[in-house]
2 protein chains.
Amino acid sequence: MQKYNRAANASFFVRACFLFDRKSKVSYTHEQIECVATNFGGIGLNLRLEDYISIFIHETDLTLTSEIKKKLEPHNLAPEQNLVMMVLWESDGWTQNEIAARLNKDKTNVARMAANLADKGFLTRVPRTEDRRSLQLFLTEKGRELGEEVVPLAERFHNQVVSGITEEEQAVVRQVLQRMQRNVQ
Amino acid sequence: MQKYNRAANASFFVRACFLFDRKSKVSYTHEQIECVATNFGGIGLNLRLEDYISIFIHETDLTLTSEIKKKLEPHNLAPEQNLVMMVLWESDGWTQNEIAARLNKDKTNVARMAANLADKGFLTRVPRTEDRRSLQLFLTEKGRELGEEVVPLAERFHNQVVSGITEEEQAVVRQVLQRMQRNVQ
DNA sequence: TTCCAGAAGTTGCTACGACAACTAATTTCC
DNA sequence: GGAAATTAGTTGTCGTAGCAACTTCTGGAA
């Protein structure tokens, strides 16, 4: 539950406020920051950690992943394993490589997830007769039944995530995140 | 480099288009989707993978992380290790627990990162005299010199990420992501 | 037909992230 | 003053993510 011992947070900012100038050349509105450190170390810092939007995106991702993880745990399913299952619930019989392409994931990880899901009895891995290198993934009855519970759960989670956020805002977020991806590639 | 063997992507969509109805109750604008599967399996799917904004956020995070990872690699620094160093470049002497609070990270992972960074010679871990449980992290000369190169690199990366994105758009993204985090907690 | 390039999948390794369970040091409270 | 609770840090485990190197299989070129 507790990532760090709570007192540390207060002490961090107390010491920061004590040791450093309260004023800084930039003003910040992020509420968790109580005061702004001035850099004495000689290294020119123009940005603070709170300014890096990539850090904020990362934290958001972790928060969302951690919550869906909790909801999936009772079903013996990890978040990314769930994505493999989601593809199969749309329709099964895809090869691991096709699943990897669909999910934009590394084939090695998809292979490990598929092996794990097969161990749990949610799917079977069947070598393709026309190409014995390929493994097709088919839902077992257990895997199909799992979908009856987990698909609604996933959709409820999505609705929870976007509740109170307008379609326009969602569109802006998608477009901006897409642009960020293009910007760095 | 190549996450999956490229042919699989084409084959996924070729088969999907062949097997499934091209029309669907919902229309999508995400360009990577060529056609829309209709669900035959009996499981009621109202959302497709492309609709889950959390998946999109996750992919964005992975893309950004992977790019900064490449840029940091020549400096023998991993992305999250870099965040620990960023805190220390602001000012050093924080305990591991304080660093964890500042970065909103699990103290176990901060401990391992600190040990790793100490092995690399970028910092030293000094037990505090007043409380011998705590380890304070201090930059070594090597660690301080690293900042001279890496801080500008990180700031250039941030500018690259947000280039062509207005302040207003960034504000919307921050506000929406914040709301999503609140929505699930 | 044989050989070679490429494709599908696997194994091993490193880096996180999260959690449980642990040691050791420090506070709290009776 | 001493037992109990709390805190800082560590170790182990599992689930991703990404990369290198490998085997096996396939299909195309000579």
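As a basis for the values below, the full set of heavy atoms in this structure was taken, side chains included, without hydrogen atoms, waters or symmetry mates.
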With distance as the sole criterion, do the side chain of A:Arg112 and the base of D:dG18 form a donor-acceptor contact below 3.5 Å?
-> yes
Specify the residue among B:Lys69 and A:Lys69 whose closest nucleotide of DNA chain C lies further upstream toward the 5′ end.
-> B:Lys69
Distance in angstrom units between A:Asp106 CG and C:dA7 C1', rounded | 15 Å
In this structure, CG of A:Leu47 is separated from CG of B:Asn159 (nearest 0.5 Å) by 6.5 Å
Using a heavy-atom cut-off of under 4.0 Å over every strand shown, decide if A:Thr108 touches base, sugar-phosphate, or nothing.
-> base
Any N or O donor-acceptor pair linking the side chain of A:Arg133 to the base of D:dT24 at under 3.5 Å?
-> no
From the candidates C:dT10, D:dT16, C:dG17, the one with an atom nearest any side-chain atom of A:Ala78 is D:dT16
Rounded off to whole Å, could you give me the CH2-to-C1' distance for the A:Trp94 and C:dG9 pair?
-> 19 Å
OP1, OP2 of C:dG17 versus side-chain N and O of A:His58: anything below 4.0 Å?
-> yes
In whole angstroms, how far is the P atom of C:dC16 from the CG atom of A:Leu62?
-> 12 Å
Which part of the nucleic acid, if any, lies within reach of A:Asp131 when heavy atoms closer than 4.0 Å are counted: base, sugar-phosphate only, or nothing?
-> sugar-phosphate
Give a yes/no answer on whether the side chain of A:Asn116 brings an N or O atom under 4.0 Å of OP1 or OP2 in D:dG15.
-> yes
How long is the span from the CD atom in B:Glu98 to the CD atom in B:Gln96, to the nearest 0.5 Å?
-> 11.0 Å
Counting side-chain heavy atoms from C-beta on, which of C:dC19, D:dT16, C:dG9 comes nearest to A:Met113?
-> D:dT16
Could a donor-acceptor pair under 3.5 angstrom be found where the side chain of A:Asn109 meets the base of D:dG15?
-> no
Can you check whether any acceptor in the base of C:dA25 is under 3.5 Å from a donor in the side chain of B:Arg132, or vice versa?
-> no
Audit row: A:Asn116, A:Arg112, side chain to side chain donor-acceptor pair (under 3.5 Å) steps and yes/no | CA-CA 6 Å; A:Asn116 195 326; A:Arg112 280 186 261 248; over 6 Å; no
Distance-only polar pair, side chains of A:Gln160 and A:Ser163, donor-acceptor under 3.5 Å | no
Kindly compute the distance separating OG1 (A:Thr95) from NZ (A:Lys107), expressed to the nearest 0.5 Å.
-> 11.5 Å
By nearest-heavy-atom nucleotide on DNA chain C, the more 5' of A:Ala111 and B:Thr129 is A:Ala111
Ignoring backbone atoms, establish whether B:Lys105 has a side-chain N or O less than 4.0 Å from OP1 or OP2 of C:dG17.
-> yes
Between B:Arg125 and D:dT10, does any side-chain N or O lie under 4.0 Å from OP1 or OP2?
-> yes
